[in-house]
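Data first, discussion second: the structure below is written as structure tokens.
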2 protein chains.
Amino acid sequence: MGATKTDHFTDKQNEMAAIAKALGHPARIAIVEHLIKTNACYCGDIVEVLPLAQPTVSQHLKELKNAGIIKGEIEGNAVCYCIDKKNLSKISNYFASILNRSFKSCC
Amino acid sequence: MGATKTDHFTDKQNEMAAIAKALGHPARIAIVEHLIKTNACYCGDIVEVLPLAQPTVSQHLKELKNAGIIKGEIEGNAVCYCIDKKNLSKISNYFASILNRSFKSCC
DNA sequence: TTTTAATATTGCAATATTACGATAAACAAA
DNA sequence: TTTGTTTATCGTAATATTGCAATATTAAAA
């Protein structure tokens, strides 16, 4: 095996898991943090900041983009990336609502 | 390759990524949701609810426990699991603070 | 003690992820 | 058109994850 049984779970569960999974790597957390700090920046700037080769960074950017966490705008031969707040808001609200519904613990 | 370069990132980045990663699977999201709904319950109840075999569920529970998202208390020969709010609060607050710091988008 | 019940662990196959060199693609500049 | 710059894609090796059958472990019950 090795393939997740996504069809056995609800759309919402799969959606939240996909967003969380995209953020489940320190390089992608670092990218998000850098985009927050600089507000927006070129792909090349991110490559300079991270301890990873350019193709690896490009791959991480693609995953964040697929998950709807960032978006990129082509400017000439460069690409300007920035945060797409929508899905970050979704997962933030999701966790907040889970915590609100969680009262006492048995253990 | 295939191994994440954790030593090149900050402790905070690695920590947030680890929590997000643990939540990056629909089965683990479903487990968390079920624990919220029932407040606390036995491992066996979770196995009944999920479309996965007992060893697979046990493995997912272990990952959630390692990430500090749930905790389990042994009661006789059964184990009662419940949410450990601490790390869920951490990631919830983390995303909230990221969103607060994120103003306008370039693209 | 033997049996039963509830979880955890082991071992393994299938698949996914991570990382990067090489290369391609797209565009600007000369 | 040629060259340089920027980013994406391809191919591939190393490693991690997912899932489950078989089995071990632990403790209650008979």
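Quick note: numbers below take in every heavy atom, side chains included, and nothing from hydrogens, waters or symmetry partners. Labels below follow one simple rule: chain letters A, B, ... track the order of the sequence lines, proteins then strands, and each chain is numbered from 1.
Contact annotation for A/Leu52: backbone-only contact, meaning every heavy-atom pair under 4.0 Å involves sugar-phosphate atoms and none involves a base. Residue-level contact check: A/Lys65 touches neither bases nor backbone, having no heavy atom under 4.0 Å from any strand.
The residue among A/Ala78 and B/Gly76 whose nearest nucleotide of DNA chain D is located toward the 5' end is A/Ala78.
Not a single donor-acceptor pair, N or O on each side, falls under 3.5 Å between the base of D/dT7 and the side chain of A/Asn77. You'll find a donor-acceptor pair under 3.5 Å spanning the side chain of A/Gln54 and the base of D/dA8, going by distance alone.
C/dA8 atom P lies 13 Å from atom CD of B/Glu63, rounded to whole Å. Between B/Glu73 atom CD and C/dA6 atom P the separation is 18 Å, expressed in whole Å. For the pair A/Asp45 CG and D/dT5 P, the computed distance is 16 Å after rounding to whole Å. Rounded to whole angstrom, the span from the CD atom of B/Glu48 across to the C1' atom of C/dT7 amounts to 14 Å. In this structure, A/Gln59 places its CD atom 10 Å from P of C/dC20, rounding to the nearest Å. Atom pair B/Ile74:CD1 and D/dA27:C1' shows a separation of 10 Å (rounding to whole Å applied). The separation between A/Glu75 atom CD and C/dA29 atom P is 13 Å, rounded to whole Å. Between the OH atom of A/Tyr42 and the P atom of D/dA8 there is a distance of 14 Å, given to the nearest Å.
Here A/Tyr81 reaches the OP1 or OP2 of D/dA8: one of its side-chain N or O atoms lies under 4.0 Å away. Proximity of B/His25 to the phosphate of D/dG19: a side-chain N or O atom is located under 4.0 Å from OP1 or OP2. Close to D/dT17, at under 4.0 Å from its OP1 or OP2, lies no side-chain N or O of B/His60. For the OP1/OP2 pair of C/dT7 and a distance below 4.0 Å, the side-chain nitrogens and oxygens of B/Lys62 include no atom meeting the criterion. OP1 or OP2 of C/dT17 has at least one side-chain nitrogen or oxygen of A/Lys21 nearer than 4.0 Å. Not one side-chain nitrogen or oxygen of A/Thr56 sits closer than 4.0 Å to the OP1 or OP2 atom of C/dT18. Taking only side-chain nitrogens and oxygens, B/Thr4 never comes nearer than 4.0 Å to OP1 or OP2 of C/dT18.
In this structure, the side chains of B/Gln54 and B/Ser58 come closer than 4.5 Å at one or more pairs of heavy atoms. Within the 4.5 Å cutoff, the side chain of B/Tyr94 has heavy atoms near those of the A/Ile29 side chain. In this structure, the side chains of A/Asn87 and A/Ile91 stay at 4.5 Å or more apart for every pair of heavy atoms. No side-chain heavy atom of A/Ile69 sits under 4.5 Å from any side-chain heavy atom of A/Lys65.
In the set D/dA8, C/dC20, C/dT7, the nucleotide with an atom closest to the side chain of A/Ser58 is D/dA8. Each of D/dT18, C/dA16, C/dA8 was ranked by its minimum atom distance to the side chain of B/Val79; first place goes to C/dA8. Nearest to the side chain of B/Ala3, among D/dT15, C/dT18, C/dA16, sits D/dT15.
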* To do: Start with the C-alpha distance between A/Glu63 and A/Lys21, add both sets of side-chain angles, then the distance that settles salt bridge (charged side-chain N to carboxylate O under 4.0 Å, His left out), and finish with yes or no.
  => CA-CA 10 Å; A/Glu63 279 177 62; A/Lys21 188 177 186 178; over 6 Å; no

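Taking the six-membered ring for Trp and thresholds of 30 and 60 degrees, B/His25 and A/Phe9 have ring planes more than 60 degrees apart, a perpendicular arrangement.
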